[in-house]
S.K.: 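Below is one structure. I have some questions about it.
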Amino acid sequence: MSSGSDNLRELAQEVVREARNAGASEADALILEEEAFSVTVRLGEVETLKESISRTLRLRVFDGKRTAASQTSDLTPAVVRQLVAETVEMARRTSEDPSSGLPDASLFASTFPDLELLDPEWDALSPADRIAMARRAEAAAMAADPSIVNSEGGSFDYSRSRTVLANTFGFLGDYAGTAGSISAVPITQTDGAMQRDYWFSTSRRVSQLESPEAVGRRAAERALRRVGARKVKTCEAAIVFDPLTARGLMGHLFQAVAGDAIYRRGSFLVDRLGSPVAAPSISVLDNALLKGGLGSSPFDDEGVPSQTTRVIDRGTLGNYLHSAYTARKLGSRPTGNGARTGAGSMTVGPSNFYLEPGTHSPDEIIANTKSGLYVFEMIGSGVNLVNGDYSRGAAGLWIENGKLTYPVHEITISGNLKEMLQSVDMIGNDLLFMGNIASPTVRIPRMVISGE
């Protein structure tokens with residue numbers, strides 16, 4: 001077996017042939033190759049610098065309705081053969097599961113759309129250029145205000161990856177992608193009190209990144225607006241989630257519509273297909289075909305073609321998201337959301353999961369809020385997906401008569417996700433992708449704020 005980069009397709013095919021020869025009834029092999037560069041600069045000096053090239057094989061084998069999964073980063077022939085043999089033996093020792101198995105043969109992707117995931121312009125950036133971009137981001141943050149006296153650094157990260165998948169049905173597909181990011185984390189000191197915040201920009205394309213200077217200035221603005229933060233008295237008021245914190249709500253929603261939570265009956269959205277579950281203004285998509293999307297791919301980690309799934313359509317729950325396994329458990333069809341875990345097993349993962357933007361600008365949403373909290377940071381993970389109960393620490397800016405007034409910290413906001421989704425009354429036009437889960441600004445007219 002060869003582990004050379006140009007032979008990854010052949011290697012994946014050899015692995016599934018080896019599994020078949022070892023007695024597996026079905027098998028698939030996913031190989032991920034990644035070239036990565038990462039640098040962090042603190043106070044102008046390089047603090048960490050990493051360059052790496054890695055290859056990982058993630059293998060699933062089936063013995064009838066029994067299954068086992070494994071992974072290795074050593075692709076030498078002897079190691080791979082031993083891994084295959086041991087995984088097949090593990091499968092024989094597990095209990096049967098009627099829902100296990102590869103997707104049905106009719107479901108595999110046969111065409112591979114160009115989703116503009118690869119940008120060769122990254123190659124034009126030398127290591128010195130990349131280090132300079134991290135320095136420039138930090139320097140811009142430090143220069144923004146005299147009270148910014150320290151920093152947790154400026155960073156530049158880049159990766160180029162290639163994914164190859166083969167299985168015993170004869171499916172063979174691969175795709176490559178690039179992504180990079182710039183970030184800065186400044187620290188302010190005023191009257192002995194320190195505040196920190198951050199900003200980052202990420203994209204598959206160099207041309208779509210914010211400049212290092214813009215990233216640094218935005219990070220500084222975010223840190224400076226925390227100065228003088230105080231608590232507020234416990235009350236009920238409107239909550240305006242900025243795009244970064246609103247994407248946290250979308251993350252909880254994704255978990256609630258993922259097929260594994262549904263078949264385990266661990267979601268407040270069990271048995272709600274076709275029912276209104278959110279305000280009529282809310283439409284949520286999982287779109288793996290978004291050009292240049294950070295979560296886009298021509299097929300999922302099982303070879304099922306990527307698609308656009310309308311999860312919530314104008315408030316009505318239209319679809320759960322499935323791998324082949326969860327689809328079988330629930331008598332449905334895979335939605336192209338099969339995702340490998342680090343151990344090689346399959347779960348349900350998002351592609352580009354987002355709330356469709358509304359028509360209101362963020363300034364308009366704030367101006368239409370008489371009293372409430374503009375939230376820019378969430379802390380902790382106090383969410384019960386079974387019943388929807390929601391309680392998390394927060395920081396933000398108090399809104400009074402439509403204006404941002406003073407910073408607020410050390411509070412908790414609480415409610416119930418079922419009621420929160422149904423009561424959303426304003427959605428921003430500022431959809432922001434800083435990962436594969438995204439949202440615009442969102443206002444919920446009434447939640448409990450626990451403070452003093």
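Start at 1 with the first residue, then count along the sequence.
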S.K.: T441 and side-chain contact (heavy atoms from CB on, under 4.5 Å): which partner among L431, I427, I365, T245?
M.R.: I365
S.K.: Considering only heavy atoms from C-beta outward, does the side chain of V386 approach that of S267 to under 4.5 Å?
M.R.: no
S.K.: Do you see a donor-acceptor pair shorter than 3.5 Å between the side chains of T347 and D260?
M.R.: yes
S.K.: Can you tell me how far apart CG (L321) and CG (D300) are? Round to the nearest 0.5 Å.
M.R.: 11.5 Å
S.K.: Roughly how far, to the nearest 0.5 Å, is OG of S414 from CD1 of I449?
M.R.: 9.0 Å
S.K.: What is the ring orientation for F376 with Y374, classed by angle as parallel under 30°, tilted 30 to 60°, or perpendicular over 60°?
M.R.: perpendicular
S.K.: Test of understanding: with side-chain hydrogen bond (donor to acceptor under 3.5 Å, both in side chains), list the residues that count as partners of R226, not counting sequence neighbours.
M.R.: D197, E377
S.K.: Any salt bridge linking R136 with E213? Criterion: basic side-chain nitrogen under 4.0 Å from a carboxylate oxygen.
M.R.: yes
S.K.: Backbone N or O of M434 within a donor-acceptor pair of the R247 side chain at under 3.5 Å?
M.R.: yes
S.K.: For S70 and T87, test the side chains for any donor-to-acceptor distance below 3.5 angstrom and give the result as yes or no.
M.R.: yes
S.K.: When you compare the side chains of S296 and N352, does any donor N or O come within less than 3.5 Å of an acceptor on the partner?
M.R.: yes
S.K.: Taking atom types as modelled and ignoring hydrogens, do the side chains of T359 and N429 form a donor-acceptor contact shorter than 3.5 angstrom?
M.R.: no
S.K.: Looking at E210, is its backbone amide N or carbonyl O close enough to the side chain of S201 to form a donor-acceptor pair, meaning the two atoms are under 3.5 Å apart?
M.R.: yes
S.K.: The test is side-chain hydrogen bond (donor to acceptor under 3.5 Å, both in side chains); show your working for D63 and S25 and say whether it passes.
M.R.: CA-CA 5 Å; D63 178 40; S25 56; 5.3 Å; no
S.K.: Has S423 got a side-chain atom pairing as donor or acceptor with E419's backbone, closer than 3.5 angstrom?
M.R.: yes
S.K.: Hey, could you give me the CZ/CD1 distance between F156 and I131, rounded to the nearest 0.5 Å?
M.R.: 10.5 Å
S.K.: Any side-chain heavy-atom pair from V277 and T316 closer than 4.5 angstrom?
M.R.: no
S.K.: Under 6.0 Å from the ring centre and within 45 degrees of the ring axis: does the NZ or CZ of R130 meet both conditions for the six-membered ring of F37?
M.R.: yes
S.K.: If we ignore hydrogens and angles and just use 3.5 Å, is the side chain of N337 paired with the main-chain N or O of G349 as donor and acceptor?
M.R.: yes
S.K.: In terms of relative ring orientation, are Y390 and H252 parallel, tilted or perpendicular, with 30° and 60° separating the classes?
M.R.: perpendicular
S.K.: Among V304, N167, T67, L107, exactly one meets side-chain contact (heavy atoms from CB on, under 4.5 Å) together with L102. Which residue is that?
M.R.: N167
S.K.: I182 versus L209: any side-chain heavy-atom pair under 4.5 Å?
M.R.: yes
S.K.: If we only count heavy atoms from C-beta on, is the W199 to L244 side-chain gap below 4.5 Å?
M.R.: yes
S.K.: What is the minimum heavy-atom distance between P243 and S439, and which atoms define it?
M.R.: CB-O, 3.3 Å
S.K.: In terms of heavy-atom contacts, does CZ of R66 have more than 12 from other residues, nucleotides or ligands at under 6.0 Å?
M.R.: yes
S.K.: What I want to check is whether the side chains of T72 and D74 have a donor and an acceptor closer together than 3.5 Å.
M.R.: no
S.K.: Centroid-to-centroid, F171 to F299, below 6.0 Å?
M.R.: yes
S.K.: So, S351 and D286: side-chain donor and acceptor under 3.5 Å apart, yes or no?
M.R.: yes
S.K.: In sequence, state the C-alpha distance, the side-chain angles, and the governing distance for R60 and D28, and then conclude on salt bridge (charged side-chain N to carboxylate O under 4.0 Å, His left out).
M.R.: CA-CA 5 Å; R60 280 194 308 168; D28 64 2; 2.9 Å; yes
S.K.: Please examine the side chains of R55 and L32, heavy atoms only from C-beta on, and report whether any two atoms are closer than 4.5 Å.
M.R.: no
S.K.: How long is the span from the CG atom in L355 to the OG atom in S281, to the nearest 0.5 Å?
M.R.: 8.0 Å
S.K.: Taking everything shown except E89 itself, do over 12 heavy atoms lie less than 6.0 Å from its CD?
M.R.: yes
S.K.: Distance under 6.0 Å and angle within 45° of the ring axis: does R162 meet both against Y175?
M.R.: no
S.K.: Any sub-3.5 Å donor-acceptor pair from R340's side-chain atoms to D301's backbone N or O?
M.R.: yes
S.K.: Yes or no on side-chain contact (heavy atoms from CB on, under 4.5 Å) for H322 and L330, after CA distance, side-chain angles and deciding distance?
M.R.: CA-CA 9 Å; H322 290 298; L330 294 165; 3.4 Å; yes
S.K.: Show your working on ring pair (Phe, Tyr, Trp, His ring centres under 6.0 Å) between Y354 and F433 and close with a plain yes or no.
M.R.: CA-CA 9 Å; Y354 61 96; F433 278 97; 5.3 Å; yes
S.K.: Verify, without hydrogens or angle tests, whether S151 (side chain) and R42 (backbone) share a donor-acceptor contact under 3.5 angstrom.
M.R.: no
S.K.: Does K329 make a cation-pi contact with Y263 (under 6.0 Å, within 45 degrees of the axis)?
M.R.: yes
S.K.: Are I31 and L11 close enough that some pair of their side-chain heavy atoms sits under 4.5 Å apart?
M.R.: yes
S.K.: With salt bridge (charged side-chain N to carboxylate O under 4.0 Å, His left out) as the test, would you mind laying out the steps for R204 and E116 before giving the verdict?
M.R.: CA-CA 9 Å; R204 290 194 178 273; E116 300 176 9; over 6 Å; no
S.K.: Quick one: salt bridge (charged side-chain N to carboxylate O under 4.0 Å, His left out) partners of R310, sequence neighbours excluded?
M.R.: D313, E356
S.K.: Checking T40 against S155: is there a side-chain donor and acceptor pair closer than 3.5 Å?
M.R.: yes
S.K.: Please check if the number of heavy atoms outside R92 that lie under 6.0 Å from its CZ is greater than 12.
M.R.: yes
S.K.: Taking NZ, NE, NH1 and NH2 as the nitrogens, is one of them in R196 or E152 under 4.0 Å from a carboxylate oxygen of the other?
M.R.: yes
S.K.: Once salt bridge (charged side-chain N to carboxylate O under 4.0 Å, His left out) is applied, do any residues pair with D97, and if so which ones, sequence neighbours excluded?
M.R.: none
S.K.: Determine, step by step, whether E121 and R205 satisfy the salt bridge (charged side-chain N to carboxylate O under 4.0 Å, His left out) criterion, reporting the C-alpha distance in whole Å, the side-chain angles of both residues, the deciding distance to 0.1 Å, and the verdict.
M.R.: CA-CA 8 Å; E121 293 300 315; R205 309 189 75 80; over 6 Å; no
S.K.: I'd like to know whether R328 forms a salt bridge (charged side-chain N to carboxylate O under 4.0 Å, His left out) with D104, so could you lay out the CA-CA distance, the side-chain angles of the two residues, the decisive distance to 0.1 Å, and finally the verdict.
M.R.: CA-CA 10 Å; R328 284 196 189 103; D104 295 342; 3.5 Å; yes
S.K.: Less than 4.5 Å apart, side chain to side chain, heavy atoms only: is that true for V257 and L317?
M.R.: yes
S.K.: Is any side-chain heavy atom of E35 closer than 4.5 Å to one of Y158?
M.R.: yes
S.K.: Measuring from atom CD of E138 to atom CE of M133, what distance do you get when rounded to the nearest 0.5 angstrom?
M.R.: 15.0 Å
S.K.: Once you round to the nearest 0.5 Å, how far does CG of L118 lie from OG of S161?
M.R.: 9.0 Å
